[in-house]
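Here the structure is laid out as C-alpha cells; the discussion comes afterwards.
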Amino acid sequence: MVQLYNLHPFGSQQVVPCKLEPERFCGGGRDALFVAAGCKVEAFAVAGQELCQPRCAFSTLGRVLCLAYSEAGISNETLQLDSDDFVICQKPVELLGEKSSQSGVSVTLESTGLDDKTIKYYHVQHLLYKRFAPDISSLVLSDDIKLHSLQLLPIYQTGSPTSDRKKLSQEKELLSLFCFFSLPHVGYLYMVVKSVELMSVYQYPEKSQQAVLTPQFLHVITSNNLQCFTVRCSAAAAREEDPYVDTTLKACPPVSMDVCALRIQLFIGLKAICHFKNHIILLTKADPEAIPERREPPKRLLSRKGTNVKFKTPPVAEAGWNLYIVDTISPVQLYKEMVDYSNTYKTAKTQSCIHLLSEAHLLVRAALMDASQLEPGEKAELLEAFKESCGHLGDCYSRLDTQYSHLALPYYKMSGLSMAEVLTRADWPLEDGSQKYERGLIFYINHSLDENLDEELSEELAAKVVQMFHMAEPKQLPHILCSPSMKNINPVTAMNYLSKLDTSGFSSILVTLTKAAMALKMGDLDRHRNEMKSRPEMKLVCGFILEPRLLIQQRRGQIIPTELAVQLKDTQPGLLVASVLGLQKNNKIGIEEADSFFKVLCGKDKDTIPQLLVDLWEAQLVAGLPDVVLQELFFKLTSQYIWRLSKMQPPDTIPLRTSEDLINACSHYGLIYPWVNVLISSDSLADKSYTEDLSKLQSLICGPSFDIASIIPFLEPLSEDTIAGLSVHVLCRTRLKEYEQCIDTLLERCPEAIIPYANHELKEENRTLWWKKLLPELCHRVKCGGEKGQLYLSSLKETLSVVAVELELRDFLNVLPEDGTAAFFLPYLLYCSRKKSLT
C-alpha cells in the first residue's frame with residue numbers, strides 16, 4: 001500500500017476561457033496553451049499568477065486527432081503502442097532490452113515523406129515487452145489490462161561553459177530516459193538508458209483514467225480525484241550524472257525507495273490531464289444526467305452559441321465541462337512543508353522521518369536538474385534548500401541506529417556544515433537524561449577527523465569529541481587525538497582519558513606514543529622520556545606506522561611536523577628516519593611529502609637539503625624501496641654530495657651512517673678502488689669534515705647500479721684542481737672506459753697512483769695499454785727528468801716487470817725505446833727470455 005501524506009503540492013487554479021468543448025489540449029513554448037475542438041485550435045497565454053488570456057485561434061484542414069508542441073530545431077521521437085488484439089494468457093511475461101525483440105511483435109518504420117539521407121538516422125530499438133494476464137475469474141473480459149498514458153520522459157544534462165565562458169551552451173545531452181505506462185489500477189516506471197530496469201510500481205487506491213509523468217511527480221486522475229505521487233527520476237539521473245554518488249563524498253536517496261502519495265484531491269468529473277511547466281491542465285465533464293436541459297436539440301449541446309442556461313460559475317465556464325489550469329506550488333515551498341511535516345516523526349526515531357526528508361531532498365534535486373528554467377534567485381534558493389535537506393538527512397542518519405548510518409558522512413559533507421556545527425546539532429539527551437551517541441555520528445566524526453580537515457575545534461568541542469569516543473569507540477581515541485582538528489584539546493584532559501583505556505586487545509604501543517606526545521604538550525619531559533623508553537625502538541616505529549599523524553600533519557595543504565617530531569629530531573634522529581622510512585614502505589607517505597617534511601622540520605628552504613633528509617635517502621637505498629626510482633635516488637644523493645664537496649660545506653648534523661656502514665649494508669655502494677685511496681692519501685691537507693661525503697660519492701660511482709653518464713653534466717662545480725675533485729673525475733672517466741685520458745691525468749697529477757691504477761684497471765682486453773700507452777709515456781717522462789723523475793722511474797721499473805711477463809721476447813724488444821740504455825733494460829730482457837724455460 002502506498003503511503004499517503006496530506007501535503008499541498010497544488011496551488012491556485014483557474015478556468016480556461018475556451019469557446020468549444022476541448023477534445024485535445026497541450027502546452028508549449030514559454031507560456032502557451034493550445035486547445036483543439038473539431039477543426040479549430042485556440043491558443044492561450046499562461047503567465048505566472050495572471051489570468052489565462054486568449055491569444056489567437058486558427059482552423060485546420062480536418063478534425064484534430066492529435067495535438068503536440070515541438071520547439072524549432074528539436075527533433076521529436078514518437079512511440080506507438082499497437083493493441084489491436086488482446087490475448088488471454090495464463091501468466092504475465094516481461095522481456096527487457098534486446099530480449100524484448102524475441103516477443104514476436106514486429107515493428108517496421110514508415111519512411112513516407114522522408115528522403116534517403118534522413119531515413120538512415122532512424123532505427124528501431126527494442127526496450128520492453130510486457131504481457132499482462134487479465135482476471136477471468138468472473139468469466140467476463142476484464143478491462144484491468146487496458147493500457148493508457150504511455151510516455152517517454154527525457155532528462156538532459158546541461159552543456160558545459162563555452163570557450164569564452166560568458167554564457168552556457170544551449171546544447172542538451174541526454175542524461176536519462178524514463179518510460180511510463182499504466183493500467184487502470186497500477187502504473188509502471190522504467191529507466192531505459194544503458195539498460196532497461198523497473199524503477200517503481202504505483203498501486204492506485206482507485207481506478208485511474210489517465211496519468212502524466214514529470215521529473216518531480218506522477219499526476220494521476222480518477223473520475224473524482226487528482227492524485228500526486230513522488231517519482232525516482234532525479235535519484236536515477238543523479239547517479240548517471242555524478243560518479244561520486246553512493247561514495248563517502250556524496251549520497252542520494254535510493255531509486256528503490258518506496259514511492260508515496262503527497263496528495264489526493266477531490267476533483268469531480270475528471271476526464272483528461274496534461275502537464276505544462278508548473279501547470280496541470282485538467283478537463284472535467286459532468287455526467288449526462290447532471291447537465292441542465294437546453295432549448296436547442298441535443299446535438300448542439302456542445303456548442304457555445306445560443307445557450308440560454310444560467311451559470312452560477314463565471315460566464316466562461318459552461319455547465320457540463322470545464323478546462324482548468326492548476327498550478328503546482330514552487331519546489332522550495334513544498335520542500336519546506338515536507339520538512340515541517342517530518343518534524344512530527346523527529347523524536348519518534350522512525351524510518352518515516354528519513355523517508356519524508358528523502359522525498360523532500362529528491363524534490364529539490366529534480367528542480368535543480370532543470371536549472372536552465374530557473375531565475376538566478378530561484379536557483380540560489382534551491383541550492384540553499386538542497387544543502388539544508390542534506391543537513392536534515394545527516395541528522396537523521398547520525399541519530400537513528402540503522403544499517404545505513406554511514407550515510408551521515410556524505411550527507412553532512414554535501415550540507416556544507418562544519419564539524420563544529422554538526423557537533424552543536426548532535427547533542428540529543430535520552431529520556432533518562434543520559435546521552436548515547438549512535439554509530440552514524442561516530443562514523444562521521446571519525447572520518448572527518450581522519451581526513452585532516454582545515455578546521456580546528458575549540459577546546460570545549462574537542463573535549464566533547466574525546467568524551468564521545470571514550471563512550472562509543474574507546475579504541476579510536478589515540479587516532480582521534482592525533483587529528484589536526486583536535487589541536488586545541490587540553491593535554492591534561494586527553495591524558496586522563498588515555499590513562500583509563502584498557503589496552504588489552506588493541507595496539508598498546510599507539511597509546512604509549514600518544515601519551516608521550518601529550519606529555520610533551522604538557523611540558524612534562526620526564527614523563528615523555530619514560531614513555532619513549534618503555535618500548536623498544538622497532539615497536540615505536542610500528543606505532544608511528546599505525547598513526548603517521550603522530551609525526552606529520554597537514555593544515556591548509558602545508559606539511560606541519562608535530563612537537564613529537566621536533567623532539568625526536570634532537571634526541572632520537574635515527575628513530576625519526578626509521579619511522580619515516582617505515583611510513584614509505586607501508587604507503588603512508590609519498591616520496592615528495594617525506595622530502596618536504598624533513599626540510600620543514602629542519603627549517604630549510606626548498607633548495608637546501610638537511611643531513612637528516614640525506615640520511616633518509618641513504619636509508620631508502622639500503623632498504624630498496626620498490627616505489628623509489630633508483631636512478632632518481634642516485635641523482636639526489638650524488639647532487640648533494642657534489643654540492644657539499646664543491647662548497648666544502650660539512651653536514652649540518654652528524655650523518656647516521658658512515659661510508660663503511662653503507663658499503664657493508666647496501667649493494668649499491670661498492671668497495672672503493674684501491675688506487676683511489678692512494679690518490680686521496682696524497683693530499684695531506686684534505687679537510688676531514690667532508691671526507692665522508694667524498695667516500696660515499698666514490699663508493700656510489702664504484703657500485704654496480706650507478707649510471708655514470710647521467711652524472712657527468714653535474715660534475716662541473718667539482719673542480720679537478722683538488723684531489724677530491726680529481727678522484728671523482730678520474731673515477732667517472734674510468735667507468736666510461738676512457739683509460740688513456742686517465743693515465744695521462746694521473747701521470748701528471750699523481751704519479752704514485754699510476755701503478756695501483758694500472759694493476760686494477762688494465763686487465764684482460766685493456767692489458768695492452770701497459771706497453772702501448774703506459775710504457776712509452778713513462779719512458780718519455782723519465783727521459784725528460786724533473787722533480788717527479790724518481791716517481792716516474794720507479795713506476796717504469798714496475799711497468800717493465802709486468803710487460804716482461806706478458807710479452808714474448810721479440811714483442812718485448814719491439815716496444816722498448818730505440819734510444820734506451822741497454823744496461824737498464826737488460827735484466828727485464830733476460831727474465832723475458834728465460835720465462836719459457838722456467839715454465
Side-chain angles (χ1 to χ4, degrees), residues 569 573-574 576-577 581 594-595 598-599 602 604-623 628 630-708 710-735 749-750 753:
K569 175 180 76 73
L576 180 61
V577 170
L581 183 65
D595 290 0
F598 278 108
K599 288 180 181 180
C602 299
K604 306 295 184 182
D605 59 45
K606 66 177 184 178
D607 296 323
T608 305
I609 307 299
Q611 176 57 38
L612 273 179
L613 181 51
V614 177
D615 291 328
L616 175 67
W617 293 342
E618 292 172 348
Q620 288 172 349
L621 266 187
V622 173
V628 175
L630 196 59
Q631 295 303 325
E632 182 180 342
L633 193 52
F634 284 149
F635 172 74
K636 287 180 178 179
L637 283 167
T638 54
S639 296
Q640 185 60 20
Y641 295 150
I642 290 170
W643 182 85
R644 292 205 298 221
L645 286 170
S646 65
K647 302 294 183 181
M648 299 189 69
Q649 178 74 43
D652 57 330
T653 57
I654 298 175
L656 296 178
R657 295 176 188 258
T658 65
S659 57
E660 186 177 354
D661 294 334
L662 291 171
I663 292 170
N664 292 332
C666 179
S667 62
H668 299 303
Y669 284 90
L671 284 170
I672 299 173
Y673 302 156
W675 60 265
V676 177
N677 295 325
V678 175
L679 178 60
I680 294 300
S681 62
S682 67
D683 183 10
S684 59
L685 300 177
D687 188 344
K688 304 302 180 184
S689 65
Y690 64 86
T691 53
E692 276 300 318
D693 282 338
L694 178 60
S695 296
K696 290 174 182 178
L697 178 58
Q698 292 168 343
S699 177
L700 272 182
I701 298 173
C702 294
S705 312
F706 194 68
D707 180 11
I708 301 298
S710 66
I711 196 181
I712 296 299
F714 302 97
L715 289 179
E716 186 177 349
L718 198 57
S719 172
E720 290 190 49
D721 293 339
T722 65
I723 292 296
L726 178 66
S727 68
V728 174
H729 282 276
V730 174
L731 258 178
C732 289
R733 292 192 195 111
T734 299
R735 290 296 308 276
R749 295 287 306 278
C750 186

Among K636, K696, R657, salt bridge (Lys or Arg N to Asp or Glu O under 4.0 Å) partner for E618: K696
For a quick test of reading the model, state the closest non-hydrogen atom pair linking S705 to L630 and the distance between them. CB-CD2, 4.1 Å
From CZ (F706) to CZ (R735), nearest 0.5 Å: 9.0 Å
Please tell me if the side chains of L616 and F598 come closer than 4.5 Å, counting only heavy atoms from C-beta onward. yes
Report yes if the side chains of L694 and V728 come closer than 4.5 Å at any heavy-atom pair, otherwise no. yes
Is there a side-chain contact (heavy atoms from CB on, under 4.5 Å) between I663 and T658? Walk through the geometry before answering. CA-CA 9 Å; I663 292 170; T658 65; over 6 Å; no
Roughly how far, to the nearest 0.5 Å, is the CZ atom of R749 from the NE2 atom of H729? 10.0 Å
Below 4.5 Å, heavy atoms only, C-beta onward: do D693 and W643 meet side chain to side chain? no
Pairs involving residues 648-670, ordered by first then second residue, that meet ring pair (Phe, Tyr, Trp, His ring centres under 6.0 Å) (sequence neighbours left out): F634-H668
Between CD1 of I708 and CZ of R733, what distance do you get to the nearest 0.5 Å? 13.0 Å
Determine whether V614 and P651 make a side-chain contact, defined as any pair of heavy atoms from C-beta on separated by less than 4.5 Å. no
To the closest 0.5 Å, what do you measure between CD (Q620) and CG (L637)? 8.5 Å
Pairwise distance CD1(I711) to OH(Y641) - rounded to 0.5 angstrom: 11.0 Å
Among D615, I609, L613, side-chain contact (heavy atoms from CB on, under 4.5 Å) partner for Q611: D615
Check step by step if side-chain contact (heavy atoms from CB on, under 4.5 Å) holds for I680 and T691. CA-CA 10 Å; I680 294 300; T691 53; over 6 Å; no
Any donor-acceptor pair under 3.5 Å linking the side-chain atoms of S710 with those of Q631? no
Verdict with supporting geometry, T734 and W675, side-chain contact (heavy atoms from CB on, under 4.5 Å): CA-CA 12 Å; T734 299; W675 60 265; 4.1 Å; yes
For V622 and C666 the tightest heavy-atom approach is CG2-CB, 3.8 Å
Rounded to the nearest 0.5 Å, what separation is found between the CG atom of L576 and the CG atom of L581? 11.0 Å
With heavy-atom distances below 4.5 Å as the criterion, would you say the side chains of S699 and L662 are in contact? no
For E692 versus S659, what's the shortest heavy-atom pair and its separation? OE1-N, 2.7 Å
Could you check if a side-chain atom of T722 sits within less than 4.5 angstrom of a side-chain atom of M648, using non-hydrogen atoms only? no
Just so I know, are the side chains of C732 and I712 near enough to count as touching, which here means a heavy-atom distance under 4.5 Å? yes
Locate the shortest heavy-atom distance separating L612 from P573; write the atom from each residue and the value. CD2-CB, 3.8 Å
R644 vs P650 side-chain heavy atoms within contact, under 4.5 Å: no
Grab the two heavy atoms, one from C702 and one from L671, that are nearest each other, plus how far apart they are. CB-O, 3.4 Å
